[in-house]
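First the structure, in the form of structure tokens, and then the observations on it.
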Amino acid sequence: SQKIEQNSEALNIQEGKTATLTCNYTNYSPAYLQWYRQDPGRGPVFLLLIRENEKEKRKERLKVTFDTTLKQSLFHITASQPADSATYLCAPGPGPGFKTIFGAGTRLFVKA
Amino acid sequence: SQTIHQWPATLVQPVGSPLSLECTVEGTSNPNLYWYRQAAGRGLQLLFYSVGIGQISSEVPQNLSASRPQDRQFILSSKKLLLSDSGFYLCAWSTTHEQYFGPGTRLTVT
């Protein structure tokens, strides 16, 4: 069955540094991959979608890469700020039956 | 612009009591609708999804049910709550790939 792996350990970085989060998937070949941000007690918020024919996508301080050979996506936040502290979820898709399956997320803490 | 509403925001219910959570979407037509549950510190578990009125797909066998009586209304129900039903319930909609989530309902079953 399809499996999505995100680092379950929290990532702690200093303000101003680049945060890099990893999403690995197995047992399927997604046509696209999405990243979401979730703050405590809130619903996830869509950030970016990258398609299989795109190697990299950028949006302001965010950069996402998608390596279909390695079955991996990297999510970068440059010049990180304490306000970037949140849990980040990846979601390769489409999943079975065209549903979206979400990874468990990685918690990011940015210290001032 | 599109808006998604969920209510109530928090709910405390005794074991064995019924449940009804409602979700409505504004500003879009014929959306795909989803119910997720998230246990504390865990990922999103898809419970139900719907591609149209009266069309419900269940992902996990349990004592919950869902209904879609109108195009932009999605209801999650239970006849008798279990302790294990406690969690954070999220409704979401989509028309393409990205999903847009509601504010969620925090359910505590005591």
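Treat the numbers as computed from the prediction; the structure is a model and nothing was measured. Every chain is numbered from 1, with letters handed out A, B, ... down the list of sequences.
Taking OH from B/Tyr36 and OG1 from A/Thr100, the interatomic distance works out to 5.5 Å, rounded to the nearest 0.5 Å.
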Discussion item. What verdict does the side chain to side chain contact (heavy atoms under 4.5 Å, CB included) test give for A/Phe102 and B/Gln45, after you've listed the backbone C-alpha separation in whole Å, the side-chain angles of each residue and the deciding distance to 0.1 Å?
Written reply: CA-CA 8 Å; A/Phe102 288 82; B/Gln45 179 188 27; over 6 Å; no
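Using a 4.5 Å heavy-atom cut-off against chain A, no residue of residues 3-33 of chain B qualifies as contacting. Of all residues in residues 69-88 of chain B, those placing a non-hydrogen atom less than 4.5 angstrom from a non-hydrogen atom of chain A are B/Phe88. Chain B is approached within less than 4.5 Å, heavy atom to heavy atom, by no residue from residues 67-87 of chain A. Residues of residues 33-56 of chain A lying within less than 4.5 angstrom of chain B, judged on heavy atoms, are A/Gln34, A/Tyr36, A/Gln38, A/Gly41, A/Arg42, A/Gly43, A/Pro44, A/Phe46, A/Leu49, A/Arg51 in numerical order.
Placement of A/Ile101 and B/Val51 in two distinct hydrophobic clusters is found when ILVMFWY residues are connected by side-chain heavy-atom separations under 4.5 Å, directly or transitively. By the criterion of side-chain heavy atoms lying less than 4.5 angstrom apart, applied directly or through intervening Ile, Leu, Val, Met, Phe, Trp or Tyr residues, A/Phe66 is grouped together with A/Ile4 in one hydrophobic cluster. Taking hydrophobic clusters as Ile, Leu, Val, Met, Phe, Trp and Tyr residues chained together by side-chain heavy-atom distances below 4.5 Å, A/Leu62 shares a cluster with A/Leu108. Note: the hydrophobic cluster containing A/Tyr32 also contains B/Leu44 (ILVMFWY, side chain heavy atoms under 4.5 Å, direct or indirect links).
In terms of heavy-atom pairs under 4.5 Å with chain A, the best-connected choice from B/Gln38, B/Arg42, B/Gln99 is B/Gln99.
Heavy-atom contacts from other residues, nucleotides or ligands closer than 6.0 Å to CD of A/Gln14 number more than 12.
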